[in-house]
Protein chains: 2
Amino acid sequence: MQKETLCLGLLSLGPRSGYEIKQMFEGPLSDFYSLSFGTIYPTLNNLQSSKYVSCKQHAQSKKPDKKVYTITKKGLVLMKSNLLSDATEYIRSGNFGDQIKSEFFLLVLFSKYLPNEMLDTVMNERVLYLKQKLEQFKYDGPIPSELAALRKEKSIKFIRGLASTLFETGIRYVEKNRYLLKE
Amino acid sequence: MQKETLCLGLLSLGPRSGYEIKQMFEGPLSDFYSLSFGTIYPTLNNLQSSKYVSCKQHAQSKKPDKKVYTITKKGLVLMKSNLLSDATEYIRSGNFGDQIKSEFFLLVLFSKYLPNEMLDTVMNERVLYLKQKLEQFKYDGPIPSELAALRKEKSIKFIRGLASTLFETGIRYVEKNRYLLKE
DNA sequence: AAGTATATATATCAGATTGATATATATAAT
DNA sequence: ATTATATATATCAATCTGATATATATACTT
């Protein structure tokens, strides 16, 4: 998906700054996609100069002004059109998998060359990480009001449910089968 | 993980050409990690000039010579040492998740802006893809002899088992809950 | 029989992306 | 008092990808 479409899509969920978009990639979206500051900021500037988003500068004493971007009507039109062509391209490409770089899987793949204590640490930390993530996905308590609106989106419900089962399955498998790697 | 460590690790499973390493990334490793030709070929050349791998050129009438690389003793030493520092860095970084870019999840996230038929196609193709992958992971029949050796590795058994359950879980969830996205 | 597509095989490189760094301050923790 | 973390934007060297070039064989299509 083009970075413009993605930024517009995220802004369609509510006005946000570049910093806050990055926070989404590091938080709730971290298991699905990510963009760096070096991509986000220039993209927002381009979208603004083409009037796909508007920008309100919030002065903050001594911190850089917070630039809050809002998607425009023109931007919404572009987003929907791009989304359709991105989906068409997804189908056309025949490439339905995800792009993944997993340090964990590589360490497991070469685990026979790792000292046992190191392998234990890697496994323990991974399981701990998965459990924390699972809690985040399942958590249903109070959250900031901007995010509360998101939670009602059908797509978010679907994704949270999918992520939860996948994490649960992963945790269960690793806990049951990690002994296999050591004999 | 450094690209050198990764290439050495794959060559520790048996001698291979750059093209064949790429095939591993496109085949069995595709759901865990990938490197492009533009990274693989220069890395192999560097490893060779530092004597971490040796190279036998197999002349082939009119195709470019196939360069088959074999890891050296020096290379095995470097690989084990690097693997340990890579694992240490994995622990130190506190970043235990995977780097993921999933076009599918983005399309689901913004599915309310997609026409229903397009969403159906995306879902159908994704499920089909997952089912094919699952079959590949579960398949236990005859395979080329180089790969047969791999199959006996403990780490490969662990990974195939994990991948299989995760794909099964994913398929089941999508099939049961895809209606949620449409009301 | 001719043409098209795909597979083998290495190499290179423009363009895109990341990860780190710069800048500036507030607040929390040690 | 010092260190670390968080807010906030911006930039850029270093790296990586995706595409292209080169050359041929084989399989499929019309």
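A, B, ... follow the sequence lines: proteins, then strands. Residue 1 opens every chain. Computed from a prediction, not measured in an experiment: that's the story for all the values here.
Protein atom NZ of B:K22 is 16 Å distant from nucleotide atom P of C:dA11, rounded to whole Å. The distance between atom NZ of B:K66 and atom C1' of D:dA25, rounded to the nearest whole Å, is 15 Å. Rounded to an integer number of Å, the gap from CG of A:D65 to P of D:dT7 is 17 Å. Atom CD of A:E26 is separated from atom P of D:dA8 by 14 Å (rounded to the nearest Å). Rounding to whole angstrom units, CD of residue A:Q57 and C1' of D:dT9 are separated by 10 Å. Atom CD of A:Q2 is separated from atom P of C:dA16 by 12 Å (rounded to the nearest Å). Rounded to an integer number of Å, the gap from B:R16 CZ to C:dA9 C1' is 16 Å. Atom CG of B:N46 and atom P of C:dA11 are 12 Å apart (whole Å).
Between B:Y41 and C:dT10 there is a side-chain N or O to OP1 or OP2 distance below 4.0 Å. For C:dA11, the OP1/OP2 oxygens have a side-chain nitrogen or oxygen of B:K67 closer than 4.0 Å. For the pair B:Y19 and C:dT10, the criterion of a side-chain N or O lying under 4.0 Å from OP1 or OP2 is not met.
Ring-centre distance between B:Y90 and B:F96: below the 6.0 Å cut-off. Aromatic ring centres of B:F158 and A:Y173 lie closer together than 6.0 Å.
Taking each heavy atom of A:S155 and B:L181 in turn, the nearest pair found is CA-CD2, 3.5 Å. The two residues B:S36 and B:K22 make their nearest non-hydrogen contact at CA-NZ, 3.7 Å.
Both the sub-6.0 Å distance and the 45° axial angle are not jointly satisfied by B:K133 relative to the ring of B:F167.
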What does the list of N/O pairs under 3.5 Å between the protein and nucleotides 16-19 of chain D look like, with a distance for each?
residue : atom : partner : partner atom : Å
D:dC16  : OP2  : B:K3    : NZ           : 2.9
D:dT17  : OP1  : A:K101  : NZ           : 2.6
D:dT17  : OP2  : B:S36   : N            : 3.3
D:dT17  : OP2  : B:S36   : OG           : 3.2
D:dT17  : OP2  : B:T39   : OG1          : 2.9

Checking B:N124 against B:R178 for the side chain to side chain donor-acceptor pair (under 3.5 Å) test, could you report, in this order, the C-alpha distance in whole Å, the side-chain angles of both residues, the deciding distance, and whether it holds?
CA-CA 10 Å; B:N124 290 340; B:R178 51 185 289 184; 2.9 Å; yes
Stepwise salt bridge (Lys or Arg N to Asp or Glu O under 4.0 Å) test for A:K131 and A:E175:
CA-CA 11 Å; A:K131 285 183 173 173; A:E175 287 188 331; 2.9 Å; yes
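Comparing B:Q23 and B:Y69 against DNA chain C, the residue whose closest nucleotide sits nearer the 5' end is B:Q23.
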